[in-house]
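What follows is a short report on a single structure.
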Amino acid sequence: MNIPIEEIINFHIKRTNCHVQTLNYFAQILGYHFPEHDSDKYKEPYIFGYAYCNYAKHHKNCVMLPQQKEIFAKVHEEHHKMQPHHIEHYTSMQDISNIALTEMLCDWHSANFEQNFITNENEFSSISDFFQKEMSKLDWSKKQLEYINMVIEKISTTSNYEEIKQIWEALN
């Protein structure tokens, strides 16, 4: 099946908007707002790599071609190294400011919500589960661990998943 590139890019833009709005839903609980989050994903070369991946993730009958997977892998790695809300940006966890850590945690929450409730990937049942299995072994300071646990608890107990699901209605 041949899908017009415009359809793929339009879907990517809607999906990325939902992700950013969800991230900012979580951020507002903490008194923050990150309007520039993932802004590089709207520009070349990132838009194409992420567009194919996002479309395929949400449309299970669509398969990414090897060259599309290669483009995604390249831009994904670059994005993670360039953006302060990804751990790959840092050589030491202690270099992460609380603002960057807050955006990172909200990003994790947004991605986890999408995987659990929108794409039904369910790799991690919660951010606590994700953190314990994937991130807890990193060299966090005691103060960072306290902050991470406080943020996870606050977002988990304050969020209204029905409100968040409404954000994702834009994809329908």
Side-chain angles (χ1 to χ4, degrees), residues 8-9 11-13 15-30 32-58 64-119 121-156:
I8 293 170
I9 289 180
F11 181 84
H12 161 70
I13 290 169
R15 181 261 159 213
T16 303
N17 288 340
C18 291
H19 168 71
V20 173
Q21 287 176 34
T22 301
L23 172 135
N24 279 305
Y25 172 93
F26 295 127
Q28 62 86 29
I29 291 170
L30 305 165
Y32 289 90
H33 183 68
F34 301 103
E36 297 299 313
H37 181 80
D38 283 351
S39 60
D40 59 337
K41 291 181 181 179
Y42 297 101
K43 302 172 191 159
E44 289 187 38
Y46 303 97
I47 192 167
F48 292 106
Y50 277 98
Y52 289 120
C53 178
N54 287 332
Y55 193 88
K57 184 180 271 194
H58 285 264
M64 284 178 66
L65 301 173
Q67 64 266 33
Q68 293 166 339
K69 288 181 181 181
E70 197 173 302
I71 291 168
F72 171 70
K74 182 177 186 249
V75 298
H76 186 66
E77 183 178 334
E78 283 179 22
H79 169 77
H80 279 232
K81 286 182 180 177
M82 289 179 7
Q83 297 297 323
H85 65 269
H86 288 290
I87 59 169
E88 294 85 352
H89 180 78
Y90 302 94
T91 54
S92 168
M93 297 301 102
Q94 279 71 48
D95 294 339
I96 304 174
S97 70
N98 268 7
I99 291 174
L101 189 54
T102 301
E103 185 175 2
M104 188 182 297
L105 287 158
C106 292
D107 192 38
W108 295 350
H109 273 84
S110 182
N112 185 258
F113 183 88
E114 179 180 12
Q115 291 165 359
N116 280 327
F117 297 102
I118 308 302
T119 61
E121 295 169 272
N122 300 327
E123 185 176 350
F124 303 102
S125 61
S126 67
I127 289 304
S128 295
D129 183 37
F130 167 73
F131 186 76
Q132 290 306 315
K133 291 179 180 172
E134 298 292 324
M135 298 293 168
S136 64
K137 293 157 191 72
L138 298 177
D139 190 26
W140 303 103
S141 71
K142 182 179 178 188
K143 191 173 180 178
Q144 285 174 315
L145 285 171
E146 289 170 359
Y147 185 74
I148 290 166
N149 288 322
M150 181 276 296
V151 168
I152 290 172
E153 177 69 19
K154 187 165 187 173
I155 288 175
S156 297

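Keep in mind that the numbers below use all heavy atoms, side chains included, and drop hydrogens, waters and symmetry copies. All values derive from a computational prediction rather than experimental measurement.
- Using modelled atom types, one finds no donor on one side chain facing an acceptor on the other under 3.5 Å when comparing E114 with H19.
- F34 places a side-chain heavy atom less than 4.5 Å from the side chain of I99.
- For the pair E77 and K81, the salt-bridge criterion is met [side-chain N within less than 4.0 Å of a carboxylate O].
- Using a 3.5 Å distance cut-off with no hydrogens or angles, the side chains of Y25 and S110 do not pair a donor with an acceptor.
- H79 and D40 form a side-chain donor-acceptor contact under 3.5 Å, judged by distance and modelled atom types alone.
- Considering all non-hydrogen atoms of both residues, I96 and Q144 come closest at O-NE2, 3.6 Å.
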Only pairs under 3.5 Å count here: list side-chain donor-acceptor contacts from residues 123-131, not counting sequence neighbours, and write none if there are none.
from, atom 1, to, atom 2, distance (Å)
S126, OG, S128, N, 3.4
S126, OG, D129, N, 3.1
D129, OD1, K133, NZ, 3.1
D129, OD2, S125, N, 3.0

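- Residue-environment remark: CD (E36) stays at or below the threshold of 12 foreign heavy atoms within 6.0 Å.
- Not a single donor-acceptor pair under 3.5 Å links the side chain of E103 to the backbone N or O of A27.
- The CG atom of L105 sits 8.5 Å away from atom CG of L30, with the distance rounded to the nearest 0.5 Å.
- The OH atom of Y147 sits 2.5 Å away from atom OG1 of T102, with the distance rounded to the nearest 0.5 Å.
- For the 3.5 Å distance criterion, the side chains of H89 and D95 fail to qualify, holding no donor opposite an acceptor.
- M82 approaches P84 most closely through the heavy-atom pair O-CD, 3.6 Å.
- Here Y52 contributes atom OH and I9 contributes atom CD1; the two are 7.0 Å apart, rounded to the nearest 0.5 Å.
- Here the CD1-CG distance, from I13 to N54, works out to 11.0 Å after rounding to the nearest 0.5 Å.
- Separating the CG atom in N112 from the OG1 atom in T22 is a distance of 11.5 Å, to the nearest 0.5 Å.
- Under the 3.5 Å distance criterion, the side-chain polar atoms of W108 are left unmatched by any main-chain donor or acceptor of I152.
- K57 places a side-chain heavy atom less than 4.5 Å from the side chain of E121.
- In this structure, the separation between CD1 on I87 and CG on L101 is 11.0 Å, given to the nearest 0.5 Å.
- Of the possible polar contacts, one joining the K137 side chain to the Q132 backbone as a donor-acceptor pair under 3.5 Å is found.
- Taking the six-membered ring wherever Trp is involved, the centroid distance between the rings of F113 and F117 falls below 6.0 Å.
- Residues Y46 and K41 share a closest heavy-atom pair of CB-CA, 4.0 Å.
- In summary, the side chains of H12 and Y42 do not present any donor paired with an acceptor at a separation below 3.5 Å, with no hydrogens or angles considered.
- When every heavy atom of D139 is checked against every heavy atom of Q94, the shortest pair comes out as O-NE2, 2.6 Å.
- Around atom CD of E70, no more than 12 heavy atoms belonging to other residues, nucleotides or ligands sit under 6.0 Å away.
- Residues H76 and E88 have side chains that never bring a donor and an acceptor to within less than 3.5 angstrom of each other.
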